[in-house]
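Just so it is clear, the values below take in all heavy atoms, side chains as well, and ignore hydrogens, waters and symmetry mates.
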Number of protein chains: 2
Amino acid sequence: MKKQPTREKLLDITFDEVYIHGYSATSVDTILKKAGIPKGSMYHHFKGKKELVLAMVQERLFVKMDTFFIFKREAGETVMQRLRNTYVAMSKNKPLVTYGCPLYRLMVELSAVDREFDVLLGSRAMQLHQELAALLQSGIDEGEFTNKLHAESFARFMLSATWGILSMPPSLSSSRLFLEQSRFILENLETYTH
Amino acid sequence: MKKQPTREKLLDITFDEVYIHGYSATSVDTILKKAGIPKGSMYHHFKGKKELVLAMVQERLFVKMDTFFIFKREAGETVMQRLRNTYVAMSKNKPLVTYGCPLYRLMVELSAVDREFDVLLGSRAMQLHQELAALLQSGIDEGEFTNKLHAESFARFMLSATWGILSMPPSLSSSRLFLEQSRFILENLETYTH
DNA sequence: GTTTGATTAGACTAAATGGTCTAATGCAGT
DNA sequence: ACTGCATTAGACCATTTAGTCTAATCAAAC
C-alpha cells in the first residue's frame, strides 16, 4: 500500500468530510488530521479552504457523479430501460441513498450564499439537465415517446424530484423507499410512451 | 412601533439567518448584532446556540410551514383542487420558491449529523407525510381516486419531490419553473382519478 | 419607597478557526 | 556530491467562535 500523493489524499478526505458535514461545518484542521498531512503541505497545494473544496468538487465530486447518473444508452436500449437501469444502479449505491447527491447537498448549502460555488455547481446541474433532456428528446425523435412530452421540462422535473428523494434524511430513507418513490417518476414518463 | 420582547425578537432573527446561511454558518454574535441584543440577555433566555435554534424551529419554522402546506380542504373542494391551490399558494411565496423549504434545508444539513435535530425535524416531516397521505386517502374513500393509488407511497413521493423542486438554487429557480415542475406531480396523480 | 427577582449589559475567556512563516527535507538533474 | 526547486513540517498568529461572569437596571409587589 504505497503512499498516496499529498494532493490526491487531501481531495479524497475533503470529499468525505464535506459530503457528510457540509462546507461550513468542516474544518481544515480536521481534514489535515484525518489525512495525516501537515498544514504547510496543504497550503502549498491550495490557496485556502475554499480553493481546496472547489478543486475537490471538480476532481472528485463531479467524477463520482458520472458513476450514478448514466444517461448514455447502450446499444439497442430504449430510453425507458436506460432510466430504469439508472435508478436501480442508484438504489444500490449506499452512500448516495443514505446521504443524498453530494452535488445537490452542496448547492442547497452554498448556492444562495457564495457566487463561485453557485456558478460551479449550477453549471454542472445545467449540464446534467441538458444530458437528460437530450436523452428524452432522442426518445421522442425515435418514436418511443409522444411529442406531447416536453423533454426539457420533464428533465428538469425528473432531476429535482430525484434529488429531493435522494436527499431525504438517513432516518427516513432506504434503498426500498428510494425505488418506490422513483417509480412514480418513471410511471409518469411512461404515460408518454406510444 | 413598540419594542418586541427579547425572546421573540431573537427567534425572528434566528429564523432569517439560519434559513439562508444554515446552522453552522450562522454565528451567535451575528444574530445578536442584527437583533441589537446583548449576549447576557440571550444566554438568560437560552442555554446556548443549539437550544436557541431548536426553539426557533418549533416556534417559528413549524408555524410558518402551516402557511404554505395546507392540506385541510375547504367545503366542497376536491382533493385535486386542494392540492392545485396549495401549489399555487406556494408558488406565490417568494422566499419559499427562492430558498426552498426551511424544514427540508435544515434536514439536509443536520439530520445525518445531529440526533436531536434529526428527531425534531424528522418527526415533523413524518407528520406532514401523514397529513398528506390522509388527504389522498380521503380522496380514495370518496371515490375521487382509484384504489390503485397507494396514498402513503404517493404522499412520500409528492413530499420529497416537492422539496427537491423547491430547494433548487435561487439561480435555477423561479415561480414559473416551480409551477411547471409541480404540474408533473399533479399530472401523475390525475391518472388515478376516476 | 423599598425590596426582590427577572432581565439587561457587555467585558472577559478558552477554544477553535483559517491562515502565515521559516526552517528542514527530499529529490531531480548535473 | 552539489545545486536548486518543490515539498514537508509544524510552531505561530490574528480573528472568530460559543460561552461565562458580575454588576447594573428594571419592574412588580409590598
Over 12 non-hydrogen atoms of neighbours within 6.0 angstrom of NZ in A:Lys92:
no
Nearest-Å distance, CD (B:Glu17) to C1' (D:dA18)?
16 Å
OP1 or OP2 of D:dT8 less than 4.0 angstrom from a side-chain nitrogen or oxygen of A:His45, does that happen here?
yes
Between B:Asn85 and B:Glu77, does any side-chain donor sit less than 3.5 Å from a side-chain acceptor?
yes
Distance below 4.0 Å between A:Thr6 side-chain N/O and D:dT8 OP1 or OP2:
yes
Residue A:Arg183 excluded, over 12 heavy atoms near CZ under 6.0 Å
no
State, without any angle test, whether A:Arg82 and A:Thr86 hold a side-chain donor-acceptor pair at a distance under 3.5 Å.
yes
Round to a whole Å and report the spacing from CG of A:Leu10 to P of D:dA9.
12 Å
With ring-ring contact (aromatic ring centres under 6.0 Å, His included) as the rule and sequence neighbours excluded, what pairs involving residues 105-125 of chain B come up?
B:Tyr23-B:Phe117
In whole Å, I'd like the distance from the CZ atom of B:Phe46 to the C1' atom of C:dT8.
15 Å
When you check the side-chain N and O atoms of A:Ser138 and A:Arg73, is any donor under 3.5 Å from an acceptor?
yes
Given atom NE2 of A:His44 and atom C1' of D:dT8, what is their separation to the nearest angstrom?
9 Å
Bend of the helix from C:dG1-D:dC30 to C:dT30-D:dA1 from end-axis comparison, five pairs per end, nearest 10°, comes to 10°
Using a 4.0 Å heavy-atom cut-off to protein, can you give one letter per nucleotide of nucleotides 17-23 of chain C, 5' to 3': B if the base is in contact, S if only the sugar-phosphate is, - if neither?
BBBB---
Calculate the interatomic distance between B:Arg7 atom CZ and C:dT8 atom C1'; express it in whole Å.
17 Å
Charged N to carboxylate O below 4.0 Å: is that the case for B:Arg105 and A:Glu109?
no
Rounded to the nearest angstrom, tell me the gap between atom NZ in B:Lys33 and atom P in C:dA9.
17 Å
What I want to check is whether the side chains of B:Glu17 and B:Thr26 have a donor and an acceptor closer together than 3.5 Å.
no
How long is the straight-line distance from CZ of B:Phe46 back to OG1 of B:Thr6, given to the nearest 0.5 Å?
9.5 Å
Give the rounded distance in Å between these two atoms: CG of A:Leu32 and P of D:dA11.
13 Å
